[in-house]
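Below is one structure, written out as structure tokens; the observations come after it.
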Amino acid sequence: MPRRIFVTTALPYANGPFHIGHIMEYIQADIWVRFQRMQGQQVHFVCADDAHGAPIMLKAEAEGISPQQLVARVAADRPRYLQGFHLSFDHWHSTDSPENTRLSQDIYARLKAAGLIYRKSVEQFFDPLKGMFLPDRYVKGECPNCHSPDQYGDACEVCGTVYAPTDLIDPYSALTGAKPLLKASEHLFFRLSDPRCVAFLEDWLGTPGRLQPQVVNKAREWLAGSGAQALADWDISRDAPYFGIPIPDAPGKYFYVWLDAPIGYLAALESYFESGKAAANGEPRSFEQFLAAPDTEQIHFIGKDIIYFHTLFWPAMLRFAGPPYRVPAHVYVHGFITVSGAKMSKSRGTGLSPLRYLEIGMDAEWLRYFLAARLNGSVEDLDFNPDDFVARVNSDLIGKYVNIASRAASFITRSFNGELKFSGDTRELVRAAGDTAALVQKSYENREFGRAMRDIMAFADRINQEFDARKPWVLAREQSRAGELQDVCSRALYGFKLLSVLLTPVLPAVSGRVARGLFGLDRGFVWSDAQVLPDRINPYEHLMTRVDPRQLDALFDSGVPGAPAANAAAATPAAATAAAATAAAASGNTVLSIDEFRRIELRVARIVRAETIDGADKLLKLTLDLGTETRTVFAGIKSAYDPASLTGRLTVVVANLAPRKMKFGVSEGMVLAASGEGQGPFLLSADAGATPGMRIT
RNA sequence: GGAAAGGUAGCUCAGCCGGUUAGAGCACGGCACUCAUAAUGCCGGGGUCGAGGGUUCGAGUCCCUCCCUUUCCA
């Protein structure tokens with residue numbers, strides 16, 4: 001009887017493209033899911049875009065489109081990533097869907113019937129110009145602790161103090177700059193502090209094997225908190241205008257996005273069932289039957305930043321909503337990914353753009369393997385180090401693993417017409433393979449992928465050692481020892497088959513080529529193939545290429561489509577080193593392809609206005625006419641130019657540079673100027689006849 | 001401020017309930033080999049296991065203090 005597993009990854013917020021953190025989580029879950037499927041377990045792997053909330057509403061408004069349009073645009077981009085990284089989701093949905101509306105309203109009604117919902121008046125900042133209540137992040141002001149200006153309403157980025165928006169000195173609305181008013185409004189609350197919830201959560205958290213110990217500790221801390229740290233009830237409503245799901249019995253109020261986001265897991269599952277894909281995947285029951293069945297395992301993969309929601313609110317909501325809803329069997333938490341030791345954040349992005357990774361032709365399976373080698377079952381962070389990436393992939397995957405097939409297959413093809421033959425008793429061989437498979441199986445199950453990869457590579461080492469010891473290239477010279485040669489190579493190729501089976505969850509594409517191409521199967525590998533001796537092979541075809549370190553330079557290049565936020569992080573060490581590396585490469589012999597050059601959008605611009613800025617020694621504020629639009633650009637040319645002399649002249653601007661927030665405002669491009677040692681800058685200009693907006697090619 | 005995780009060779013990490021001379025991969029040096037899209041094998045250098053104290057016959061492994069890093073605080 002196979003396990004019936006419903007797996008999700010955290011829902012990505014639909015206001016932008018995936019970053020490397022998303023991809024890491026999906027790869028982790030995908031490896032686990034593929035491993036389960038290979039064992040014959042029934043897995044339903046779904047996810048969805050988290051579409052609601054004020055940030056999306058406001059972003060859409062700023063772009064002059066509806067939130068639905070914004071979400072649809074982001075969603076349209078998802079498949080490139082999902083397919084590109086071999087992520088085998090069975091279904092991808094959205095929280096802005098009829099299923100989610102129905103489920104959210106249903107769960108709310110049940111919680112209300114259980115006496116866990118109440119109303120309370122809340123005083124909150126209100127933007128009088130915009131006519132809306134302001135989320136904490138949209139109130140800014142001076143930090144009450146260190147007096148840094150322009151800090152967000154929840155915490156100070158300079159000194160780290162956490163506070164309420166009302167603690168800010170001289171608060172203002174980040175939307176309009178208006179002084180916000182304190183205004184009262186009735187909000188709906190979920191009574192998490194109810195003794196029933198607390199008792200249930202104690203029990204749920206304490207179930208052995210359900211959660212990682214560190215996660216239980218963290219959740220218990222919140223649960224057992226007293227005084228200022230006491231477990232608080234949860235404010236689940238927001239007032240209009242809000243992009244979300246309306247609360248049925250509270251006109252003008254919507255569910256807070258974090259209420260309907262996890263319910264989106266179920267909405268995605270329901271949509272998956274409705275689409276018929278579940279049935280195609282071997283599940284004949286209805287969505288509700290499946291959900292309610294006691295043997296259904298509901299498993300969530302999440303990052304450590306959202307433990308609170310997934311280990312307290314979410315199980316409590318499900319438990320007290322009652323059947324068919326069931327509590328999660330496991331919530332598996334992973335840490336963050338850093339790039340060259342620099343932390344990344346959702347708002348700033350990171351130096352490593354997944355889309356860029358794919359666009360420059362890097363192999364998705366390199367990244368899958370690298371991450372697998374680093375991932376374990378704990379919540380520790382993991383670092384993406386370019387040098388290590390190259391070493392790991394080239395040494396393990398190419399040098400050890402792929403090389404086995406490459407070196408052994410040629411003998412078999414040349415001398416034995418593809419036929420494998422083992423001398424002597426093969427039971428010991430198969431048994432040893434079974435032992436290794438069992439070891440690796442346990443590690444995969446526990447998400448100890450790093451350990452699994454170590455054990456797999458240790459096995460690869462043994463194959464290479466044995467191959468070396470028996471010197472098949474010497475045997476090949478002696479006709480009389482053909483049997484021995486065939487045995488050596490057959491054993492190596494069986495070992496290669498075993499390795500391929502064990503690596504299938506991590507390297508699905510390579511594994512597929514090995515199964516179908518080399519071993520001539522009409523299907524991909526399943527786990528039990530580990531203990532089946534192959535009897536023949538097809539001629540070896542190249543399976544995987546090495547990483548060229550120069551690709552890493554290209555990866556960390558800036559000005560990347562698909563990573564609009566990344567450039568803003570230029571102040572971080574990672575970006576700085578990457579930029580330095582790029583600069584170093586540029587001054588060397590690095591050659592730019594024409595495609596790479598075309599990515600840089602150079603245009604002619606007319607300087608409409610040039611102004612000095614109070615407090616800036618080097619910068620001038622330029623207002624540029626680009627033909628179809630006007631832009632503000634800050635240029636460090638004050639030392640060489642009098643603002644008045646610039647007005648009206650033509651120059652060249654990098655038009656697709658990511659906007660960069662500077663001390664004096666946002667710079668929307670870069671004007672080009674030459675400079676040498678102690679000389680310059682000298683602004684570039686265009687000859688007569690050029691007009692603003694012309695593209696430079 | 002409160003809390004959590006972690007500090008082991010140049011790098012990335014293994015070291016379970018304390019037990020012989022602290023391990024692996026990568027990198028580095030040397031040798032061997034030539035079957036493999038320069039891939040492999042063997043040998044070697046290199047660590048007072050963050051610091052100090054304690055428990056113990058014995059501690060990287062347990063306890064205390066301190067230092068450092070990272071993260072979380074709805």
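Lettering of chains follows the sequences in order, A, B, ..., and the numbering in each one begins at 1.
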Counting Watson-Crick and G-U wobble pairs only, both distances under 3.5 Å, name the nucleotide matched with [N], or none.
| N | result |
| --- | --- |
| B:U65 | B:A51 |
| B:U56 | none |
| B:G2 | B:C72 |
| B:C11 | B:G25 |
| B:U40 | B:A32 |

Which nucleotide in the list [options] gets nearest to the side chain of [X]?
| X | options | result |
| --- | --- | --- |
| A:N464 | B:G25, B:A36, B:U40 | B:U40 |
| A:K400 | B:A36, B:U70, B:C26 | B:C26 |
| A:D381 | B:U70, B:C11, B:C35 | B:U70 |
| A:W473 | B:C35, B:G41, B:U70 | B:C35 |
| A:A391 | B:A36, B:C26, B:U12 | B:C26 |
| A:K218 | B:C33, B:U71, B:A3 | B:A3 |
| A:D468 | B:G25, B:G41, B:U37 | B:G41 |
| A:R477 | B:A14, B:U34, B:C11 | B:U34 |
| A:R454 | B:A14, B:C35, B:U37 | B:A14 |

From CZ (A:F301) to CD (A:Q28), nearest 0.5 Å | 5.5 Å

Taking the [atom1] atom of each, how far is [N] from [M], in whole Å?
| N | M | atom1 | result |
| --- | --- | --- | --- |
| B:G46 | B:A36 | P | 37 Å |
| B:C17 | B:C26 | C1' | 32 Å |
| B:A4 | B:G47 | C1' | 29 Å |
| B:C67 | B:C28 | C1' | 32 Å |
| B:A14 | B:C43 | P | 26 Å |
| B:C16 | B:C57 | P | 23 Å |
| B:C49 | B:U61 | P | 10 Å |
| B:C66 | B:A3 | P | 12 Å |

Aromatic ring pairing A:H22/A:Y26, orientation class (parallel under 30°, perpendicular over 60°, tilted between) | parallel

Taking atom [atom2] of [N] as reference, at what distance in whole Å does atom [atom1] of [X] sit?
| X | N | atom1 | atom2 | value |
| --- | --- | --- | --- | --- |
| A:R470 | B:A32 | CZ | C1' | 20 Å |
| A:D396 | B:U40 | CG | C1' | 14 Å |
| A:I404 | B:A36 | CD1 | P | 16 Å |
| A:R462 | B:G25 | CZ | C1' | 15 Å |
| A:F370 | B:C26 | CZ | P | 15 Å |
| A:F384 | B:C13 | CZ | P | 14 Å |
| A:F496 | B:C35 | CZ | C1' | 15 Å |
| A:N376 | B:G25 | CG | P | 20 Å |

Classify the nucleic acid contact of A:K471 as base, sugar-phosphate or nothing, counting any heavy atom under 4.0 Å across all strands shown.
->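 Since no nucleic acid heavy atom lies under 4.0 Å of A:K471, the category is nothing.
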
Under 4.0 angstrom, heavy atoms only, what part of the nucleic acid is A:F467 near: base, sugar-phosphate, or nothing?
-> base

Is any side-chain nitrogen or oxygen of [X] closer than 4.0 Å to OP1 or OP2 of [N]?
| X | N | value |
| --- | --- | --- |
| A:S395 | B:C26 | yes |
| A:R451 | B:G15 | yes |
| A:Q465 | B:C42 | yes |

Closer than 4.0 angstrom, basic N to acidic O: yes or no for [X] and [Y]?
| X | Y | answer |
| --- | --- | --- |
| A:D363 | A:R368 | no |
| A:R407 | A:D468 | yes |
| A:E448 | A:K442 | no |
| A:R491 | A:D487 | yes |
| A:D383 | A:R374 | no |

For A:D461 and A:K304, take the nucleotide of RNA chain B holding the closest heavy atom to each; which residue's nucleotide lies nearer the 5' end?
-> A:D461

Between A:R374 and A:L543, which is nearer to the 5' end of RNA chain B once each is assigned its nearest nucleotide?
-> A:R374

Excluding sequence neighbours, so at least two apart, what forms ring pair (Phe, Tyr, Trp, His ring centres under 6.0 Å) with A:F496?
->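 Ring pair (Phe, Tyr, Trp, His ring centres under 6.0 Å) check on A:F496 returns A:Y401.
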
